Amino acid sequence: MIQTGQQDLLRAADDLAARLPARLAVFARLAYNYRWSWMPGGPDVFREVDPYRWSMRRENPIRLLLDSPDDALIEAAKDRSLVARAEAMEQTLKAELADPVATGSNARPIVFLCAEYGIHRSLPTYAGGLGVLAGDVLKEASDRRLPLVGVGILYRQGYFHQRVDTSGWQHEYWIESDPDRLPAALVTGPDGQPLTVMVNLWGRGVRLQIWRVDVGRVPLFLLDAQRSDNDRMDRWITARLYIGDRKIRLAQYALLGIGGIRALRAMGIDPAVVHLNEGHAALAPVELAREAMVDGRSLEDALQDARGRTVFTTHTPIPAGNESYVPEEVSSVLGGYPMELGLSEGEFFDLGRPRPEPDEQFGVTVLGIRMSRQVNGVSRRHGEVTRALWHGLFPEQPVEAVPIGHVTNGVHVPTWMAPPMRALLDQHLAPGWIERASDPATWEPVEDIPDEELWGVRSALRAELVDYVRDRSVGDRLAREEPADYAEAAARAFDPSILTVGFARRVAAYKRLPLLIHDPGRMLQLVGGDHPMQVVLAGKAHPQDEEAKRVLQAVFSLKLDPHVAERIAFLEDYDMGMAARLVWGCDVWVNVPRPPLEASGTSGMKSALNGGLNLSVMDGWWEEAFDGQNGWAIPGDPSLDVATQDLQDAAALYDLLEDEVCHDFYRRDERGIPRAWVRRMKASLRTIGPRYSATRMLDEYLGRVYELT
Ligand SMILES: *Cc1c(COP(=O)(O)O)cnc(C)c1O
């Protein structure tokens, strides 16, 4: 383990323990390492202390322990079996922390830099898929004992929360979290004071402090400008993730890249590899070069050396994800930074310009590509798309030879598999299977699971989701001040025996949520027919994406139809906790992006781990995962004009739902088992489980990208 900040976390845990009955001290220690969140039974141990507060405090164990009334704590302390379970978890954690690293060394770790991390719903440092993937990388690195550290930003207000009004219009609100009530501690120096680093922005120094959050064996260091010695404006820089103001956002990226490297230095950490997870942190290698120049290296050498240590993963072909800035914006944020590198402003801008011309903008993706020894996209298809997108940076090469590869995303199996499914596989797969999740042979025994058992788990998971949807939809609708009849319609009609279809992801134009209601009549027949389906929808639109908000509103406008009110539920405020409920419980996971704009997508992988079947456009990960047996595919033809694409893809979606999905789901044998459906579930688990796990993803990053020696 990397030591810096460890004492600070231990001290925080001791302080918390001192407020609790003595026997609950173990809970305080567990609370300060997110490892509990992916241990079997881990969340239950906290929930059982006080189920009401667990849910009210967003499953944050620190807040649970601080806020539970004395009698709940005393009861928990008296519960011998509960305390024994917590103690067993601590033994597991301690043993893991004491293990040596599997490869490389903690003295020179892999440094993973990302603007967002989705570790758990209680830590408000993520917005969506990029962050959740980064969280999964950290957890998988911990499981595999890799020497890896994460660096990011502690956003006091995180990403926005969503509320929708009766007209279907989205409203945003932010909740400020108190870091003293998060499982985080300020890293202190030898003098006991918080360790800080400075970055100059707009001509004045901004001081950053560093929080440590433990994710199993992996420390996550989060930078924070919220200090009284910073200018008021500057304290705000780290307030909100993907903040609307362009200059403040660029300032965030500068703090992440430049401040991230400085924070590592202050903690005595020398990166063996710097992994830029998306372009936001692309100033990090530039800072590495600046450091080398301070040590007397030439600019050429210093840049070469920084590139030799940096690898870059790009995550989207969408322009909003490949931000660029005009030179005046860069100058006003970075001030004299280029000069510190001995570069003129023009030369500095050229590092981030597609072509060295004054009217070209400075792009973080271009900077990432230019400053890395290796670049990859996140699926085979996305690799191709990315090579074509950035061909202009390599004009002398044919497009196939553009040096950008791919490592297809994967998801952390222990995080995303529902406990009943985990228990079923523990019973039928070989012991220790989860460590060998990337080996297809590990999953072969899935074929031999009795259909009744697998179907039993699927039905139980669906029933749990139906319960959750009933609660949430009534709550959301009443809070919106909808009429009582509408408010309780979904609670009345959602049924644990009905085919349950999920569609939850960011509401962005290319994700094409409206395809589902492209032909409202056909959709209504599907939800109200003899072989009915019920649909759960969720997702946030970016606060400044008016078009996406109108899309959401258009979907809401259908609510007056009685079948829609009963069988289609939109749940507000999508987060990781809700994502888990949905991927656990849905029978079918629908994804209809406009190809080729879905770089990978990961929620469908999570669904597959729980026996859900994917029905998706051939794009992103599905283009390489679909084999004819393990789900359903909509071809999707990017060469058509947009309206024709939508028409064709919507028709293909309805055809599949009518002819195959609804049909197969309700085709039961005399024992009530849909045999063809279960066969498809098995094919899906067996083929998707190994290939789209974070285990396989890290195999590839280790083998082909990090190249630790
Ligand atoms: C997995 C996940 C995502 C990514 O889903 P996509 O379908 O890949 O967009 C987004 N948000 C949350 C909360 C997730 O858990």
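Every number for a ligand or one of its atoms is a count from 1 in the order of the listing. Counting begins at 1 with the first residue of the sequence. Just so it is clear, the structure is predicted and the values come from calculations on it, not from any experiment.
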Quick one: nearest non-hydrogen protein atom to [atom], plus distance?
| atom | result |
| --- | --- |
| atom 11 (N) of ligand 1 | Tyr574 CE2, 3.6 Å |
| atom 10 (C) of ligand 1 | Gly129 N, 3.4 Å |
| atom 8 (O) of ligand 1 | Thr602 N, 2.7 Å |
| atom 14 (C) of ligand 1 | Lys606 NZ, 2.9 Å |
| atom 9 (O) of ligand 1 | Lys511 NZ, 2.9 Å |
| atom 7 (O) of ligand 1 | Ser603 OG, 2.4 Å |

Residue-level breakdown please: for Asp575 versus ligand 1, do any non-hydrogen atoms fall below 4.0 Å on the side chain, on the backbone, on both, or on neither?
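Backbone only; the side chain of Asp575 stays clear of ligand 1.
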
With heavy atoms under 4.0 Å as the rule, classify the contact between Trp621 and ligand 1 as side chain, backbone, both or neither.
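No part of Trp621 is near ligand 1 at this cut-off.
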
Going by heavy atoms in the side chains, are Val215 and Lys139 under 4.5 Å from each other?
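Side-chain contact under 4.5 Å: yes.
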
Mark up the atoms of ligand 1 that fall under 4.0 Å of a heavy atom belonging to [X], in ascending order.
| X | answer |
| --- | --- |
| Met576 | 13 (C) |
| Trp416 | 15 (O) |
| Gly601 | 8 (O) |

Backbone of [Y] reached by a side-chain donor or acceptor of [X] within 3.5 Å:
| X | Y | result |
| --- | --- | --- |
| Asp587 | Leu613 | no |
| Asn277 | Cys114 | no |
| Arg58 | Gly577 | no |

Between Tyr692 and Trp621, is the ring centre distance below 6.0 Å?
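Between Trp621 and Tyr692, which both carry aromatic rings, the centre distance is below 6.0 Å.
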
Does Trp589 have its ring centroid less than 6.0 Å away from the ring centroid of Trp632?
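Centroid distance Trp589-Trp632: not below 6.0 Å, so no.
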
Determine, for Arg217 against Asp143, whether the closest basic-nitrogen to carboxylate-oxygen distance falls under 4.0 angstrom.
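Between Asp143 and Arg217 there is no salt bridge, as every charged N stays at least 4.0 Å from the carboxylate O atoms.
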
Measure from NZ or CZ of Arg240 to the centre of the six-membered ring of Tyr242, then state whether that distance is under 6.0 Å and the direction lies within 45° of the axis.
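The answer is no; the distance or angle limit is not met.
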
